[in-house]
Amino acid sequence: MNSPEQPLPTFDEVLLCTPRTSAEQVGLFLRRCLIPCRGGDKIYTMLYADELSYDVSCRAEELFQRLQHYSSSYRLIILCNCERENSYLPSAFSHCKVHMIPQRSRAEIQQYLQHHFRVAQPSDSAAAVFKEHMCVGIVSSKRAGMGK
């Protein structure tokens with residue numbers, strides 16, 4: 001995010017974990033991260049790794065230990081909820097823990113995201129309904145089930 005021209009992460013660089021994330025999904029992700037290829041300088045990120053089941057977390061740690069010798073220059077970020085830092089995967093990697101404080105202001109982050117999510121030529125697309133022709137948006141309500 002050092003310049004507006006830096007791209008957003010691609011689909012293969014991010015794994016959004018849920019309790020239903022399988023060991024195979026985590027394994028594929030870790031292989032992409034840890035086995036060197038011509039992919040360049042990607043930064044891989046596991047979001048909500050604390051949500052993984054115990055079995056999947058154990059298998060992920062074992063696979064990580066086996067694969068990390070393939071590359072010493074991997075770039076992996078594991079983001080967890082600080083209230084669940086005692087779950088298996090965050091505990092297994094606690095020796096690598098870094099508490100993060102955003103280095104950019106909220107306004108700078110919003111401006112960066114707006115640069116990447118704005119539709120170049122407004123047309124008859126769904127982007128016309130979002131503020132400033134964004135191709136993504138968040139719709140929320142304080143009342144559940146109100147037809148969002």
Side-chain angles (χ1 to χ4, degrees), residues 1-123 125-140 148:
M1 202 183 108
N2 292 327
S3 83
E5 303 312 313
Q6 283 184 305
L8 291 169
T10 58
F11 71 94
D12 64 328
E13 292 176 83
V14 178
L15 179 64
L16 181 59
C17 301
T18 69
R20 294 183 310 276
T21 302
S22 69
E24 289 76 22
Q25 290 172 308
V26 175
L28 288 171
F29 179 78
L30 289 174
R31 284 178 178 83
R32 279 195 302 265
C33 173
L34 297 169
I35 297 176
C37 64
R38 295 181 295 168
D41 297 328
K42 292 184 176 188
I43 300 173
Y44 293 89
T45 307
M46 288 179 71
L47 297 169
Y48 305 115
D50 53 293
E51 295 279 330
L52 294 173
S53 70
Y54 181 80
D55 181 51
V56 171
S57 295
C58 290
R59 291 174 64 186
E61 183 196 13
E62 289 171 11
L63 181 62
F64 178 86
Q65 298 300 335
R66 280 187 291 156
L67 294 178
Q68 82 177 67
H69 73 274
Y70 282 102
S71 174
S72 61
S73 63
Y74 63 88
R75 300 191 310 177
L76 174 63
I77 298 170
I78 301 174
L79 294 174
C80 302
N81 182 339
C82 64
E83 294 174 4
R84 293 181 42 102
E85 66 184 347
N86 293 327
S87 57
Y88 187 86
L89 212 53
S91 296
F93 290 96
S94 63
H95 63 283
C96 304
K97 184 184 343 183
V98 175
H99 290 281
M100 283 296 302
I101 298 172
Q103 300 297 310
R104 303 283 185 200
S105 70
R106 183 179 189 156
E108 287 177 304
I109 294 170
Q110 287 174 334
Q111 186 176 20
Y112 172 79
L113 292 173
Q114 285 176 351
H115 173 77
H116 286 285
F117 289 128
R118 184 170 285 122
V119 175
Q121 294 294 325
S123 62
S125 74
V129 300
F130 291 114
K131 182 180 175 183
E132 298 177 11
H133 300 287
M134 295 292 134
C135 63
V136 297
I138 297 174
V139 178
S140 65
K148 293 180 284 300

Checklist outcome for this item: d(Lys97 NZ, Ile78 CD1) to nearest 0.5 Å is 12.5 Å
Item to check | From Arg66 atom CZ to Arg31 atom CZ, the distance as rounded to the nearest 0.5 Å | outcome: 7.0 Å
What side-chain donor-acceptor pairs closer than 3.5 Å can you find for residues 54-65, not counting sequence neighbours?
from: Ser57; atom 1: OG; to: Ser53; atom 2: O; distance (Å): 2.9
from: Glu61; atom 1: OE1; to: Tyr88; atom 2: OH; distance (Å): 2.4

Next on the checklist: Can you confirm whether more than 12 heavy atoms, excluding those of Tyr48, are under 6.0 Å from its OH atom?
Outcome noted: no
Checklist entry - Can you tell me how far the CD1 atom of Ile77 sits from the CE atom of Met46, to the nearest 0.5 Å? => result 12.5 Å
Checklist entry - Heavy atoms, side chains only, cut-off 4.5 Å: are Leu16 and Thr21 in contact? => result no
Item to check | Qualifying residue, where the test is side-chain contact (heavy atoms from CB on, under 4.5 Å) with Tyr74 and the options are Leu67, Leu34, Ile43 | outcome: Leu34
Checklist entry - Ignoring hydrogens and geometry, is there a side-chain-to-backbone donor-acceptor pair from Ser91 to Asn86 under 3.5 Å? => result yes
Checklist outcome for this item: Separation between OH (Tyr44) and CG (Leu15), nearest 0.5 Å, reads 12.0 Å
Next on the checklist: Tell me whether Gln111 at atom CD has more than 12 heavy atoms from other residues, nucleotides or ligands lying less than 6.0 Å away.
Outcome noted: no
Checklist entry - Roughly how far apart are Cys17 SG and Phe29 CZ, rounded to 0.5 Å? => result 7.5 Å
Checklist entry - Any donor and acceptor pair, going by atom type alone, linking the side chain of Asp50 with main-chain N or O of Asn81 inside 3.5 Å? => result yes
Item to check | Pairs involving residues 11-22, ordered by first then second residue, that meet salt bridge (Lys or Arg N to Asp or Glu O under 4.0 Å) (sequence neighbours left out) | outcome: Asp12-Lys42
